[in-house]
Amino acid sequence: GFEAKRRVSGLGVAENVKKWKELVSKKEDLLVKSRNRVAFAWTLVALCCGSHTSHILHSLGIHIAHGGIWDLLHNSYVKGGLAVGALLGPGRELLFDGIKAFGKRSPNMNSLVGLGSMAAFSISLISLVNPELEWDASFFDEPVMLLGFVLLGRSLEERAKLQASTDMNELLSLIPTQSRLVITSSDNNTPVDSVLSSDSICINVSVDDIRVGDSLLVLPGETFPVDG
């Protein structure tokens with residue numbers, strides 16, 4: 001007879017489904033990290049906004065924001081510390097990516113956000129450590145709020161993309177990865193319209209191993225594993 005050769009599976013349905021699920025899992029991990037960055041960033045935003053609460057209350061005729069935590073939030077050094085935390089914490093990856101883009105002479109959106117944040121922080125820092133300049137420039141809140149809103153928008157965008165990927169993953173999960181291959185004797189005189197005979201056997205094989213001319217057994221209620 002002829003020499004038997006083992007079928008070699010290619011990168012077919014089963015492998016693609018596996019890779020797609022791994023990709024979705026990685027995206028979920030990235031989304032969790034993104035949520036943590038947003039939570040940290042908006043905690044800093046809330047502290048920055050707290051320093052403006054007294055002004056809002058005063059404009060409404062409510063004079064209760066005095067002393068303690070309120071004076072601390074008005075301190076320029078505290079605001080500078082919050083800005084440093086926002087730049088080196090949740091906004092670190094964004095700033096580094098923007099710097100790399102500048103180095104490649106192809107600035108992107110991260111470059112623009114980073115430039116605005118660093119400009120506001122630098123001017124405020126110079127004004128703080130050199131009071132003799134009389135710049136009276138305190139923009140430490142701006143980098144914190146800018147990064148907070150940018151990270152929030154990107155987190156919502158990543159969430160929408162993940163939802164679309166999840167829907168696609170659910171569709172792919174409907175595709176069967178296994179099929180029943182019918183094997184019959186080569187000298188069997190079974191009619192063409194019938195693939196089952198007394199000496200036929202069925203084995204479960206991967207959908208990737210199905211070749212043109214193979215006979216498959218599909219039971220009632222099951223999904224056809226291949227077209228044709």
### Query
Nearest heavy-atom pair of L128 and S76: which atoms, and what distance?
CD1-CB, 3.6 Å
Throw together a table of side-chain donor-acceptor distances under 3.5 angstrom for residues 89-106, partners on residues two or more places apart or in other chains.
from : atom 1 : to   : atom 2 : distance (Å)
D97  : OD2    : N108 : ND2    : 3.2
D97  : OD2    : N110 : ND2    : 2.5

### Query
What about L152 and V144, same hydrophobic cluster or not, with Ile/Leu/Val/Met/Phe/Trp/Tyr joined at side-chain heavy-atom distances under 4.5 Å?
yes
#### Entry: Sequence neighbours excluded, every pair satisfying ring pair (Phe, Tyr, Trp, His ring centres under 6.0 Å) that has a member inside residues 105-130
F121-F140
#### Entry: Contact summary for P143 and L87, nearest pair of heavy atoms
CB-CD2, 4.4 Å
### Query
With sequence neighbours left out, what residues match L88 under side chain to side chain contact (heavy atoms under 4.5 Å, CB included)?
V84
Which atom pairs, donor and acceptor, lie under 3.5 Å between side-chain atoms of residues 34-41 and protein residues at least two apart or in another chain?
from : atom 1 : to   : atom 2 : distance (Å)
S34  : OG     : E158 : OE1    : 3.3
N36  : ND2    : V32  : O      : 3.3

### Message
Which residues pass the salt bridge (Lys or Arg N to Asp or Glu O under 4.0 Å) test with E28, not counting sequence neighbours?
### Response
none
#### Entry: Heavy-atom pair of closest approach, residues L217 and C202
CD2-SG, 3.7 Å
### Query
Could you give the distance from CD1 (I203) to CD (Q178), rounded to the nearest 0.5 Å?
10.5 Å
#### Entry: Shared hydrophobic cluster for L115 and L146 (ILVMFWY, side-chain gaps under 4.5 Å)
no
### Task
Kindly work out whether a path of hydrophobic side-chain contacts (I/L/V/M/F/W/Y, heavy atoms less than 4.5 Å apart) joins V182 to L219.
yes
### Query
Is there a path of hydrophobic side-chain contacts, each under 4.5 Å between heavy atoms of I, L, V, M, F, W or Y residues, that connects L156 with L30?
no
## Note on the structure
Residue set satisfying side chain to side chain contact (heavy atoms under 4.5 Å, CB included) with D29, at least two apart, ordered chain then number -> S25
### Task
Mind checking side chain to side chain donor-acceptor pair (under 3.5 Å) for R159 and listing every partner two or more places apart, or none if nothing turns up?
none
#### Entry: R154 CZ to F149 CZ distance, which is reported to the nearest 0.5 Å
15.0 Å
#### Entry: Qualifying residues under side chain to side chain contact (heavy atoms under 4.5 Å, CB included), relative to I126, sequence neighbours excluded
N130, L133, W135
### Query
Linking I/L/V/M/F/W/Y whenever any side-chain heavy atoms sit under 4.5 Å apart, do L216 and I201 land together?
yes
